[in-house]
Amino acid sequence: MDLKRGAKRVLAIALSMALGLLGFGMTALAEGAYTPGVYSATAQGFGGDVTVTVEVSENEIVSVEAVGEGETAGIGSNAIEMLPDEIVEKQTLSVDAVAGCTVTSEAVLAAAAEALRQSGASDEVIFAEPVAAEATAEDETIETNILIVGAGAAGLSAALSAHNNGVENVVVIEKMPTIGGATAMAGGGMPAYRVDEDEDVTEANIEELFLDLSRIGKFNNNARLTMMQARLSTPTIEWLKEVGVSVTGEPDPEEPIVHYGCEGTASAAINTLYEKVLEAGVPVLLNTRAQHLIMDGEQVVGVEATGSEGQTITFLANAVLMATGGYGNNVDLISDPSILDRVIYYGPVGATGDGHIMMSEIGVPMFNMDKVATKHFGVETEPGYGIHIHWAVAQLFTKTGAIAVNKECERVVDEGGDELDIALASMYQSSDGRLYIVMDQSSYDLFSSILVERNAFTEEELAQMIAENGSGVTKLVRADTLAEAGTAIGLDGAKLEETVQAYNAQVAAGEEDPFKREYTAEIGEGPYYIMQTVARYATTLGGVNVSNDFEVLDVNEKPVPGLYAAGEVVGNINGSYAEYLIWCFASGMEFGNVIAAE
């Protein structure tokens, strides 16, 4: 799935509003701290240039605009979205980087600092202690019928479905300043069954989809929930089309499973749903973080939340739907921490398991919390975080003879095969939890061109990695011989040469690849390139169990009155691998049907 999209955040706050609402003090800065005007500067972000434009009066930062078209959606884009607001609010660049997007945060702050220096401000002013804001919002209580926590695919689908089914007084709250969650970063693939004129064939197609989902999940799935997903798949596709989402893909009369997609990736679908929810008049309160479930005896009757200005908001509701997503960015919730040095996270910064924590507080059991949705060939860009290069390796291993080896310089897997198999090979068949892609010049030319085309890295960034010669976080080396390249990146150069020679001999002899790789070709003459890769995850696989009506089940597998869950927060739906997008849309849509019937 493509993580990249343009990101832009414009925040213009009039000085009078800042003084009246945020309580900025004119004594915070010396008179004439800035030369009034508009100033811009640019710094290198993760995916390219980040440009920041600031407007200042003599004594105040009036507005901040940050633009970073290449920053990763759901990661770097959060820094683009959030930091301008905080700079204006606190009247300083002494603010914390946004968790999980340090590189983009540093670029925003560096560009903002240079822009402010253009205004004549000293670093003492630019990096002054933050101005304390006066709390203006009062605590409040909001009563509603249905409260939906989370504005991702499941939450927004649930809101729209419930409204379209005649359910009144639906409210959505979202802790982040933007909607979408992990869906905003998803590619958009959605498997569904083909409807046939013969009902028996249709039923067989549903069963085939169920088996396929089970195989993908390595048969660790909750069978009941996986069958729910299979049966809801095609009705969900039809519902998405009905509400205006652009869906690609057509049934093949010879195939039981149809592979649909979201035109423009899943972010386009989620934006369409958001527009429809707002058009329906359903309130979506951003920057509103649910903290605790409110109980009346054994029944959930609402949520205590923190509003955008720090106020406590008590939501009282007849039903609460937890659509809070995963916990990938909260390692404390991963019950098998041994995996953490063998994987990197590339998902949304907001996936901190808030729903898991809140439901655990009231005694709801969790399942599958040792599993994250590991995938293959990630690239670490800062410690513990990174990106995927799926579209690059997909072509690399089907068009060239490039191979991947473990720390011991051995091939251990079909490089073009099952994503989970490759991820597991990287994690458990290499002593350092890494795989190393070995390329000749022609292979690297294809590989690097795709990386640049898809905004993973710029040519300058790739050149810088090569210049670092294996010393940076992102490791890419170049050398005239395989032995030199291997040594530079920390491999046994002689052993690497032996492995490549043996591989080339097998290819030349026309022998079947020992790992059943479909396309093989010899690795040619140098220079040679090696990139270090690591397994990656964006979504998690653990969470609560639910009934067929999405009621959250307690330790006795009885429904917790008033509490429902949909989307990624439901555990074990996918077993050992994630096929979440259709489930998130489907569970949200079906919740709207269920709640309307009650």
Side-chain angles (χ1 to χ4, degrees), residues 339 341-344 374-380 386 389 392-393 396-448 462 465-466 468-509 511-536:
I339 69 171
D341 60 353
R342 301 193 294 273
V343 295
I344 57 170
T374 47
K375 302 191 180 204
H376 67 346
F377 294 124
V379 175
E380 193 168 24
I389 53 171
V393 295
L396 182 67
F397 296 124
T398 56
K399 294 182 178 180
T400 81
I403 61 173
V405 301
N406 64 6
K407 180 67 172 176
E408 291 67 44
C409 298
E410 302 165 336
R411 287 184 67 215
V412 291
V413 72
D414 172 8
E415 296 92 340
D418 181 85
E419 290 188 7
L420 181 56
D421 287 345
I422 297 169
L424 293 175
S426 175
M427 295 169 68
Y428 299 112
Q429 296 186 56
S430 180
S431 59
D432 66 348
R434 303 292 188 269
L435 289 179
Y436 297 82
I437 299 177
V438 182
M439 298 166 277
D440 60 20
Q441 185 65 58
S442 62
S443 299
Y444 179 74
D445 288 343
L446 173 66
F447 183 65
S448 60
L462 292 172
M465 294 172 203
I466 291 172
E468 291 170 353
N469 201 35
S471 64
V473 175
T474 308
K475 300 185 186 303
L476 172 66
V477 301
R478 175 190 183 278
D480 291 334
T481 70
L482 282 166
E484 290 172 334
T487 300
I489 208 164
L491 301 177
D492 183 326
K495 181 66 181 296
L496 179 62
E497 284 187 324
E498 292 177 6
T499 296
V500 171
Q501 289 170 1
Y503 169 76
N504 281 349
Q506 289 175 344
V507 174
E511 298 177 8
E512 182 181 36
D513 185 76
F515 301 100
K516 310 299 183 184
R517 178 170 161 179
E518 292 185 4
Y519 181 91
T520 57
E522 292 185 51
I523 295 178
E525 299 296 322
Y528 299 99
Y529 298 79
I530 303 176
M531 173 170 266
Q532 184 190 80
T533 70
V534 59
R536 58 188 166 92

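All residue numbers refer to positions in the sequence shown, counting from 1. Hydrogens, waters and symmetry mates play no part in the numbers below; they use all other heavy atoms, side chains included.
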Chemist: If you compare all heavy atoms of I344 against all heavy atoms of G386, which two are closest, and at what distance to 0.1 Å?
Modeler: CD1-CA, 3.8 Å
Chemist: Indicate the atoms forming the closest heavy-atom contact of A488 with V477, along with that distance.
Modeler: CB-CG1, 4.0 Å
Chemist: Looking only at heavy atoms, which two atoms of Q532 and I489 are closest? And how far apart?
Modeler: N-CD1, 3.8 Å
Chemist: Does the pair E415 and V393 meet the rule for a side chain to side chain contact (heavy atoms under 4.5 Å, CB included), with working shown?
Modeler: CA-CA 8 Å; E415 296 92 340; V393 295; over 6 Å; no
Chemist: Do M465 and L462 touch side chain to side chain, with heavy atoms closer than 4.5 Å?
Modeler: yes
Chemist: Measuring from E419:CD to K375:NZ, what's the distance to the nearest 0.5 Å?
Modeler: 5.5 Å
Chemist: Nearest heavy-atom pair of G524 and D440: which atoms, and what distance?
Modeler: N-OD2, 2.7 Å
Chemist: When you compare the side chains of D445 and S442, does any donor N or O come within less than 3.5 Å of an acceptor on the partner?
Modeler: no
Chemist: To the nearest 0.5 Å, tell me how far D432 CG sits from D341 CG.
Modeler: 9.5 Å
Chemist: Report yes if some heavy atom in the side chain of L435 is under 4.5 Å from a heavy atom in the side chain of V412; otherwise report no.
Modeler: yes
Chemist: Find the distance between CG (L491) and SG (C409) and round it off to the nearest 0.5 Å.
Modeler: 4.5 Å
Chemist: Compare all side-chain heavy atoms of I530 with those of L476 and state whether any distance is below 4.5 angstrom.
Modeler: no
Chemist: Could you tell me whether a side-chain N or O of T474 sits under 3.5 Å from a main-chain N or O of E380, the two making a donor and an acceptor?
Modeler: yes
Chemist: When you check the side-chain N and O atoms of S471 and E468, is any donor under 3.5 Å from an acceptor?
Modeler: no
Chemist: Does the R342 side chain pair with the main chain of M427, one donor and one acceptor, at a distance under 3.5 Å?
Modeler: yes
Chemist: Mind running side chain to side chain contact (heavy atoms under 4.5 Å, CB included) on R517 and I403 for me, showing each step along the way?
Modeler: CA-CA 10 Å; R517 178 170 161 179; I403 61 173; 4.0 Å; yes
Chemist: Taking the side chain as every heavy atom from C-beta outward, state whether K495 and E410 have any atom pair closer than 4.5 Å.
Modeler: yes
Chemist: L396 versus M439: any side-chain heavy-atom pair under 4.5 Å?
Modeler: yes
Chemist: Any sub-3.5 Å donor-acceptor pair from K399's side-chain atoms to Y519's backbone N or O?
Modeler: no
Chemist: Measuring from T499:OG1 to L482:CG, what's the distance to the nearest 0.5 Å?
Modeler: 10.0 Å
Chemist: More than 12 heavy atoms of other residues, nucleotides or ligands under 6.0 Å from CD of E511: is that the case?
Modeler: yes
Chemist: Do you know which two heavy atoms are closest between E522 and A508, and how far apart they sit?
Modeler: OE2-CB, 3.6 Å
Chemist: List the atom of I466, the atom of Y529, and the distance in Å for their closest heavy-atom pair.
Modeler: CD1-CE2, 3.9 Å
Chemist: Atom OG in S430, atom OH in Y436: separation rounded to 0.5 Å?
Modeler: 6.0 Å
Chemist: So, the side chain of T487 versus the backbone of A483: is there a donor-acceptor pair under 3.5 Å, distance only?
Modeler: yes
Chemist: Any sub-3.5 Å donor-acceptor pair from K475's side-chain atoms to G472's backbone N or O?
Modeler: yes
Chemist: Between N504 and I523, is there a donor-acceptor pair closer than 3.5 Å when you use the side chain of the first and the backbone of the second?
Modeler: yes
Chemist: Any donor and acceptor pair, going by atom type alone, linking the side chain of S431 with main-chain N or O of K407 inside 3.5 Å?
Modeler: no
Chemist: Dump the intermediate steps for side chain to side chain contact (heavy atoms under 4.5 Å, CB included) on T533 and I437, then the final yes or no.
Modeler: CA-CA 7 Å; T533 70; I437 299 177; 3.7 Å; yes
Chemist: Taking R478 for its side chain and A485 for its backbone only, find out whether a donor-acceptor pair lies under 3.5 Å.
Modeler: no
Chemist: Begin from the C-alpha positions of F447 and M531 and carry the test side chain to side chain contact (heavy atoms under 4.5 Å, CB included) through to its verdict.
Modeler: CA-CA 11 Å; F447 183 65; M531 173 170 266; 3.9 Å; yes
Chemist: So how far is it from E518 CD to E512 CD, rounded to the nearest 0.5 Å?
Modeler: 11.0 Å
Chemist: Decide yes or no for R411 and V405: does some side-chain heavy atom of the first lie under 4.5 Å from some side-chain heavy atom of the second?
Modeler: yes
Chemist: Can any side-chain N or O of Y503 pair as donor or acceptor with the backbone N or O of A521 at less than 3.5 Å?
Modeler: yes
